[in-house]
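Note sheet for the following structure.
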Amino acid sequence: MLHVFQYQPLRLITQNSLSSTCLKLMLSRHVAFAPIWKSWFSSHSILGKKNIILMGPPGAGKTTTGRIVGQKLDCPVIDIDDDVLETTWNMSVSEKLQDVGYEEFLEEEGKALLKFSASGSVISLSGSNPMHAAGMQHIKKNGIVVYLDVPTTVIMSRLKSKQMERIVGLSPGVSLKDVLQFRKQFYKRWFDIRVLCGGDVAAEVVAEKVLDAVKRYQDSELETFISTRSSRSGRSTEEDSNKFYFSDVVIQGLALDGGLFVPERGLPKFTAEEWQGLIEATYVERAQVILEGCIHPADIPASKLAGIIETAYGENFSCSKVAPVRHLAGNQFLLELFHGPTASFKDFALQLMPHLFAYCIPRSCNYLILVATSGDTGSAVLDGFSRLHDPDKQRIALINFFPEDGVSPIQKSQMIGCQNENAWSVGVKSDFDFCQTAIKQIFTNSDFTGFLTVEYGTALAAANSINWARLLPQIVYHASAYLDLVHQGIISFGSPVDICIPTGNFGNMLAAFYAKMMGIPIRKCICASNENNVLTEFIRTGVYDLRGRKLISSFSPAVDILKSSNLERYLHLIANEDGQLVTQLFNQLENQGHFQLQKDLLGRLQQVLVAGWCSDEDCLAAIHSVYSTTGYILDTHTAVAKVVADRLQDRTCPIIISSTAHYSKFAPAILRALRIAEINQNPLSQLHLLSSYSALPPIHWGLLETLKKTGNGDHQVCAADMSVLMSHIETLIQNHFMKVF
């Protein structure tokens, strides 16, 4: 058995020559280290007895990168091919492969790995090592596995230039591309850290990225969250000691001070080369890379996160591309976000978020999710949480509050039909703003939440867009849409695009802005409102004024919103994280019904955001016009965005319009737009009528099946009264958790 140990004198230095106080100080994660390769102690405090294990396809640069990393850390470097396999076999790797064949080679390679042991070293695996499960389990026990993720096209080019012919698995009838694609499943299974490596990135740069990634992996203190209403300069010692991590904010939803959680150090910034490496990737692969950068592995390990993402975006979406981009006309493109099970963009977050939530929560407590919806969230959250495994369903329940008379008939049918044993819909005799405000007040009512915890062992959580786990998945599809345009040859990477989104609660728009911050070349974000145009007026004037405003029911109910919750996160960002200012603004809005931005802050807001609004009449006219000229049917919300895009775009770059829902959900308005004189009030009949048009896109499969199976069903309705809502919550907790346990 081969043993390699880290240099003993260094261990003596760290243990004997440093005072215990100094040692504790240097080991503390609160100390800001210089770059980790510039100090012996800092490098080995990161490496310790663990190995850094470099993994990737042949041609990924593992050997060269390993040597540079080892030099920077001043520690042993081991190349499995050269230092282990060829030494053990007394022949070259290519000779061994030729001698024993593909399957026997993998077995012999695995046996050699099982006999190998090292400590405090940098190890470069062979490209085929990860295909032997027992060998990888053995070596992973004492190491951090770093996956050098190089685009397949780059690897093929490198291997061709090196004229490498003997690659494990390559045989007549099996292409190199097939071999590389097949191996990805094994790399994804074993890695702890992914390092993106573009085609022209120097090995020195890759080595630095590896060291940075290892440091991030070992220091979760780097990725904490703060409230939009807390100020760094004004934070108390107690606030500093109560750090919030991704798992915490997913569970808690809303900060105790009434603010929204945001990452203290912002989101990761991807380089142009890293983004370009994702151009050929699938939607699921893009989601994995982006979300790995936003979720620390201490909260959810990369391998577990990959499984969650594959579950969320696999068979549940009717389109293999998940979020395809379709050319509409001229420089306008549609980002189709309605191919999920409930036919709206909410599925992207709510097929993923329940699994993130179930993973993060402690097993010792029950959780009740509270949701307020203006339409699409309700069925999406009900469907998402219904797909949890049975043990999770027993400890996680959900109540969906929606305005009883403020959603479309089909949306209501969906929400009622999607109820199950742990999830219920409750209609409220009010509007969405009341529902949303009521949930916020319930979360900050410590007497009520404390009572639920003590009496029933149940904690409350939120699944609305105020929850950080709802926002993250939306970043992915904005980034993916841009990459699709590059892949289709519409633009080259680096060319700008504009984004136009129908928005009321500002979550989807905020996600687009976050994608821009992470390196996607978005020029302008265009907010499209209906006649409830408070947000449009605010972006134009800096005045947020709810005084005398009444919510207007429209044909685009998902944006029938006057209070935009996620706007708070955006203002916190452009105000340089001034939590005191954000608190002042939103307290004034709550108490006086309005606030106004200072001129400099408004200028910062308008650097990226522009806004317009659309009447119901113009919305229906746009649906009719687009169908007449293209045969494509827009839903009412997408039509709002189309009208605003036509008015505000300058046509100097492509514009991506977010198609946030399938037109099937708003059949009465669509039939009216198509000039149908007599409209049957039965939702199922309306869908059958629409299907007779043979339009693009076809009638939504999931929606049609839901209506066929469920009809209207039963649901509870309550008055717009806080005490009534809290009574409903307590009763449903009694009926579910007490019955289950």
Side-chain angles (χ1 to χ4, degrees), residues 326-338 343-345 374-376 406-411 498-504 508 526-537 540 551-561 610-651 655-681 686-687 689-700:
R326 180 192 293 266
H327 180 241
L328 182 61
N331 69 329
Q332 294 183 345
F333 296 82
L334 292 178
L335 171 57
E336 294 185 342
L337 299 174
F338 48 70
S344 89
F345 79 102
S374 57
D376 292 329
V407 297
S408 77
I410 289 180
Q411 285 177 316
D498 290 338
I499 302 286
C500 185
I501 302 172
T503 189
N508 203 355
I526 303 173
C527 294
S529 305
N530 59 22
E531 293 177 67
N532 297 290
N533 56 1
V534 173
L535 193 56
T536 293
E537 291 180 359
R540 289 177 174 177
L551 195 72
I552 302 169
S553 295
S554 77
F555 291 139
S556 47
V559 292
D560 285 349
I561 297 170
V610 293
W613 67 277
C614 168
S615 68
D616 270 353
E617 181 180 352
D618 289 341
C619 168
L620 297 186
I623 293 170
H624 183 268
S625 173
V626 170
Y627 176 71
S628 299
T629 56
T630 68
Y632 191 95
I633 299 180
L634 304 175
D635 94 289
T636 49
H637 304 79
T638 310
V640 167
K642 162 71 172 163
V643 171
V644 173
D646 287 342
R647 293 171 181 169
L648 296 183
Q649 67 171 334
D650 63 10
R651 291 175 174 78
I655 183 167
I656 301 172
I657 299 172
S658 288
S659 185
T660 54
H662 195 281
Y663 64 84
S664 303
K665 302 190 79 164
F666 310 98
I670 301 300
L671 291 169
R672 181 171 171 178
L674 298 179
R675 316 283 169 83
I676 305 299
E678 295 184 10
I679 302 174
N680 190 310
Q681 293 305 304
Q686 294 168 359
L687 292 195
L689 179 56
L690 279 174
S691 67
S692 68
Y693 276 72
S694 300
L696 291 174
I699 293 295
H700 191 274

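Basis for what follows: all heavy atoms, side chains included, without hydrogens, waters or symmetry-related copies. We number each residue from 1, following the sequence as shown.
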* Structure fact -> The reported gap from CD1 in Ile552 to OG in Ser615 (rounded to nearest 0.5 angstrom) is 11.0 Å
* To do: Scan side-chain atoms only and decide if Asn530 and Asp560 contain a donor-acceptor pair under the 3.5 Å cut-off.
  => yes
* Asked: Do Ser556 and Ser554 meet the criterion of a side-chain donor-acceptor pair at a distance under 3.5 Å?
  -> yes
* Asked: Say you draw a straight line from CG of Leu337 to OG of Ser344; how long is it, rounded to the nearest 0.5 Å?
  -> 9.0 Å
* Asked: Is a salt bridge present between Arg672 and Asp616, judged by a nitrogen-to-oxygen distance below 4.0 Å?
  -> no
* To do: Decide yes or no for Ile633 and Leu674: does some side-chain heavy atom of the first lie under 4.5 Å from some side-chain heavy atom of the second?
  => yes
* Asked: Would you say the side chains of Ser659 and Thr638 form a donor-acceptor pair under 3.5 Å?
  -> yes
* For the residue pair Tyr663 and His700, establish whether any side-chain heavy-atom pair is separated by less than 4.5 Å. => no
* **Side-chain donor-acceptor pair present, Gln649, Asp498, cut-off under 3.5 Å** => no
* **From CA spacing to verdict: side-chain contact (heavy atoms from CB on, under 4.5 Å), Ser691, Leu687** => CA-CA 6 Å; Ser691 67; Leu687 292 195; over 6 Å; no
* Asked: What distance do Ile561 atom CD1 and Leu535 atom CG have between them, rounded to the nearest 0.5 Å?
  -> 9.5 Å
* CG/Leu328 to CG/Leu334 distance, rounded to the nearest 0.5 angstrom? -> 4.5 Å
* To do: Report the residues that fulfil side-chain contact (heavy atoms from CB on, under 4.5 Å) with Pro668, sequence neighbours left out, ordered by chain and then residue number.
  => Gln686
* Measuring from Phe555:CZ to Asp635:CG, what's the distance to the nearest 0.5 Å? -> 13.0 Å
* Which is it for Ile679 and Leu689 under the side-chain contact (heavy atoms from CB on, under 4.5 Å) test, yes or no, and what are the steps along the way? -> CA-CA 9 Å; Ile679 302 174; Leu689 179 56; over 6 Å; no
* Short side-chain to backbone donor-acceptor contact, Thr630 and Val626, under 3.5 Å -> yes
